[in-house]
2 protein chains.
Amino acid sequence: MKKNLLVAQSGGPSAAINATLAGIIREGSHSPEIGRVLGGCNGVHGILEEHIIDLTAQAPKEEQLFLLERTPAMALGSCRVKLPPIEKDKAVYQRLLEIFQKYNIGYFLYIGGNDSMDTAAKLSAYFSAIGEDIRVIGVPKTIDNDLEATDHTPGFGTAAKYIACSMAEIARDCAVYPIPSVTIVEIMGRNAGWLTAAAALPHHLGITAPHLLYLPEQPFSPESFLQELQSMQIGHSSVVVAVSEGIRLENGAYLSEQDFAGGVDAFGHGHLSGAGKVLENLVAERLGGKVRSVELNILQRCSAHLLSQTDLQESRAIGASGVQAALQGKTGEFMVFQRVSNHPYRVEIQSVPVSQVANREKRFPTQWLLPDHQGLTRQGTEYLLPLIEGEAQIPYLNGMPHHFRFNFSQPAIL
Amino acid sequence: MKKNLLVAQSGGPSAAINATLAGIIREGSHSPEIGRVLGGCNGVHGILEEHIIDLTAQAPKEEQLFLLERTPAMALGSCRVKLPPIEKDKAVYQRLLEIFQKYNIGYFLYIGGNDSMDTAAKLSAYFSAIGEDIRVIGVPKTIDNDLEATDHTPGFGTAAKYIACSMAEIARDCAVYPIPSVTIVEIMGRNAGWLTAAAALPHHLGITAPHLLYLPEQPFSPESFLQELQSMQIGHSSVVVAVSEGIRLENGAYLSEQDFAGGVDAFGHGHLSGAGKVLENLVAERLGGKVRSVELNILQRCSAHLLSQTDLQESRAIGASGVQAALQGKTGEFMVFQRVSNHPYRVEIQSVPVSQVANREKRFPTQWLLPDHQGLTRQGTEYLLPLIEGEAQIPYLNGMPHHFRFNFSQPAIL
């Protein structure tokens, strides 16, 4: 008897996570070995509450999958729940087993970041230990690109494209007046500078902005920053600075927790500003002149209208490969990209044991940074460019993107 | 002998302002009555410094104009300079006359907001007074849509489209977790709510967000806001609130200048937050729970990759019409849109005396707002929808938008 496939999503949103889901639904629906493709709503949290819907029934047509893969943020909802170690709570695992058996699940695909891979590891270990042939495969997703063991992560390419495009547009906006100005653009990336590095890609088109680039991988010195800024101001009227939200001082403290004015509010709370705002205040205080900060905000992770075609295709393919891995009998593995070449750009998808997902972030290689915060080396640029290449065709309705929604109120019928 | 046409831009950036410029260059270059199409760099400020370039020479091909009209922010640079009244400084006017005569200018088109129209008015009055046949036409531009005498302004449609699209994407992002949350989205619009109104357009697609809408045209009550929010939270786990940066308390003070904690920094400066941040702090303090604010930032005015096809076509056409008006002998006029119908959507372009540009902003009609901050009436929606309709085809290079640049260092040769 055919087993069903269960898929769920977890962790923080990305613009391409539903492309992975669509890839899984297509592959699963076409496989003669798989019964239904079911979806768990709100990740493992929802599965534990038996919140399961029938994806083959709700999205049987290609037109729906076309919309789905261009819809940002988890179409199946998400959660930020990590399974406890089995020694601490065996009941959770037994409950999951019950539910999987009730829904005749033979394959479970979990799409998400580090916590999702951790869940996949624990669950697959449990099923193997009790001799249950339920195959668990992790499919990565993160805009931060900080997952070890993979060349890059699904979702990163679109976030990087959004940042590079925004930087090109902001550079035009900032340069219109004939008076000197400083614009500080704050980009996501608490501990790793992959996203901020993407801000330097406009250099490849001959655009001078951003003129300075600060990643969390390098200790930040406010005094050096002011000097570097003043040097730049000699040659450029409008200076644009790209900084990670996670830049840190020499002593390891996040810049975003500093307030050079040392002010506190009536409750004694220090004033927490983002790194961009702290730098704006610093420049205003020490150098004067026109200065502003721009925070790129959550649109960095949900701007599906700017989906990178590369990211879309790869996210779709890695989902499909996850299904194939499960059908081949693999379990406790997660899917990764291996870059074969840059010219032409080619990747292969493989699976590796989930144990290879470390609990540490993969940092941006500082050897890919030019000295004096000037931007990226050719190697850094060549790594990033293919990931932002191509513009996905986006369907619009009345001028707004046409998204797809599952009906969470329609449970799967057994 | 053929006279030359001079065009310049001023005021704040928009995404479609170069479409107007391209329309002027095309119309001017094709007209048998016009010699060269010249551009003043950095508005009237640059013209006074004789910073003039030859646009017909620098952008003779359609492929260049195609790129130009999809490039955000003034390709000719901008300024925020208003001409003084002639009684105060006649020399400035005489200097401009000298320069116009030197460059054989018969037609001057000035693209911009209120200050630009004011400049056009003063300059045309001066030329008329001294019997000089130099025709001055103002061509409007503003993302705020607050210019009287015109149905809407060039640049507004794209900003509105950006806001509506962003709201649809943010709504997906905020709704992924199974825990209650409040997301406050702050939108540009210091005194008029046109841009914020556009945030409600996703309702037309059946999207529930934003659940609450606050415009500057209505006095803001923090207590009522908290009650309205709590009511919404009963029916919706993820509540999205759209607010103008310019919402004001009953006493007229901007909310963005309030700090309910009453804190000051070490220099005695009150902590100025945007309206979104003030509301985020208020909700955290009074209701608790997960709350965040998102500021839509300057991308609202320079996101040319999301150009509304309607805005692009109209911005182009209004530039061309400005040239035609000048050729017809008009002066001291500015170009406006008159909406003929909604179904189908049709506008006509006309010219009106610049004196009709009041020094006040056109407010969003409160009768187009549903009660209790629930969104727009059908009339409000029907007004806005056509302006965001259609997606301009955008050229990309290596994954980033392909922009056009003039060479400011190459002056016009007389």
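Just so it is clear, the structure is predicted and the values come from calculations on it, not from any experiment.
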Student: According to salt bridge (Lys or Arg N to Asp or Glu O under 4.0 Å), who are the partners of B/D311, at least two apart in sequence or on a separate chain?
Tutor: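 Checked B/D311 against salt bridge (Lys or Arg N to Asp or Glu O under 4.0 Å); zero matches.
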
Student: Taking NZ, NE, NH1 and NH2 as the nitrogens, is one of them in A/D115 or A/R80 under 4.0 Å from a carboxylate oxygen of the other?
Tutor: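 Looking at A/R80 together with A/D115, the answer is no, because their closest N to O distance does not fall below 4.0 Å.
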
Student: Indicate yes or no: at least one non-hydrogen side-chain atom of A/L296 is less than 4.5 angstrom from one of B/L299.
Tutor: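 They are in side-chain contact.
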
Student: Would you say B/R70's side chain and B/Q393's backbone share a donor-acceptor pair under 3.5 angstrom?
Tutor: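 Here the side-chain-to-backbone pair exists.
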
Student: Relative to chain B, which segment of A/H305 carries a heavy atom at a distance below 4.5 Å: side chain, backbone, both, or neither?
Tutor: both

Student: Classify the ring geometry of B/Y383 against B/H152: parallel below 30°, tilted from 30° to 60°, perpendicular beyond 60°.
Tutor: perpendicular

Student: Measure the spacing between OG1 of B/T158 and CZ of B/R301 and express it to the nearest 0.5 Å.
Tutor: 14.5 Å

Student: Mark yes or no for whether B/N42, through its side chain, and B/L76, through its backbone, hold a donor-acceptor pair below 3.5 Å.
Tutor: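 Such a contact is absent between B/N42 side chain and B/L76 backbone.
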
Student: Has the side chain of B/H203 got a donor or acceptor atom that lies under 3.5 Å from a matching backbone atom of B/P210?
Tutor: yes

Student: Using a cut-off of under 4.5 Å for heavy-atom pairs, which of A/M167, A/E295, A/E389 has the most such pairs with chain B?
Tutor: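 The candidate making the most pairs under 4.5 Å is A/E389.
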
Student: Using a 4.5 angstrom heavy-atom cutoff, name the option from B/S78, B/G77, B/A73 with the most pairs to chain A.
Tutor: B/S78

Student: Would you mind checking if B/E169 and B/R172 are paired as a salt bridge, meaning a charged N to carboxylate O distance below 4.0 Å?
Tutor: no

Student: If you count heavy-atom pairs under 4.5 Å with chain B, which of A/P72, A/P178, A/C165 comes out on top?
Tutor: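 Most heavy-atom pairs under 4.5 Å with chain B: A/P178.
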
Student: Passes side-chain contact (heavy atoms from CB on, under 4.5 Å), A/F156 versus A/L384? Steps please.
Tutor: CA-CA 10 Å; A/F156 170 67; A/L384 290 169; 3.6 Å; yes

Student: For chain A, which candidate among B/P386, B/A75, B/C79 shows the most heavy-atom pairs at distances under 4.5 Å?
Tutor: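 Most pairs with chain A among the choices: B/C79.
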
Student: For A/H45, which atoms come within 4.5 Å of any heavy atom of chain B: side chain, backbone, both, or neither?
Tutor: side chain

Student: Using a 4.5 angstrom heavy-atom cutoff, name the option from B/I207, B/T310, B/L387, B/I394 with the most pairs to chain A.
Tutor: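 Heavy-atom pairs under 4.5 Å are most numerous for B/I207.
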
Student: Under 4.5 Å heavy-atom distance to chain B, tell me which part of A/S308 shows up: side chain, backbone, both or neither.
Tutor: neither

Student: Can you say whether A/L201 sits under 4.5 Å from chain B via the side chain, the backbone, both, or neither, judging by heavy atoms?
Tutor: both

Student: Let me know if A/F408 has heavy atoms under 4.5 Å from chain B in its side chain, its backbone, both or neither.
Tutor: neither

Student: Tell me, with the steps shown, if B/E391 and B/K161 meet salt bridge (charged side-chain N to carboxylate O under 4.0 Å, His left out).
Tutor: CA-CA 9 Å; B/E391 295 67 49; B/K161 187 181 183 78; 2.7 Å; yes

Student: Counting heavy-atom pairs under 4.5 Å with chain A, which one of B/L205, B/L385, B/V294, B/L397 comes out on top?
Tutor: B/L205

Student: With chain A as the partner chain, list the residues of residues 8-17 of chain B whose heavy atoms fall under 4.5 Å from it, by residue number, and write 'none' if nothing qualifies.
Tutor: B/G11, B/G12, B/P13

Student: Please rank B/Q309, B/R405, B/R292, B/H204 by heavy-atom pairs under 4.5 Å with chain A and give me the top one.
Tutor: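 Result: the option with the highest number of such pairs is B/R405.
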
Student: Counting heavy-atom pairs under 4.5 Å with chain A, which one of B/G390, B/S303, B/A168 comes out on top?
Tutor: B/S303

Student: side-chain contact (heavy atoms from CB on, under 4.5 Å), that's the test. Do B/I143 and B/M188 meet it? Break it down for me.
Tutor: CA-CA 9 Å; B/I143 64 165; B/M188 278 181 170; 3.8 Å; yes

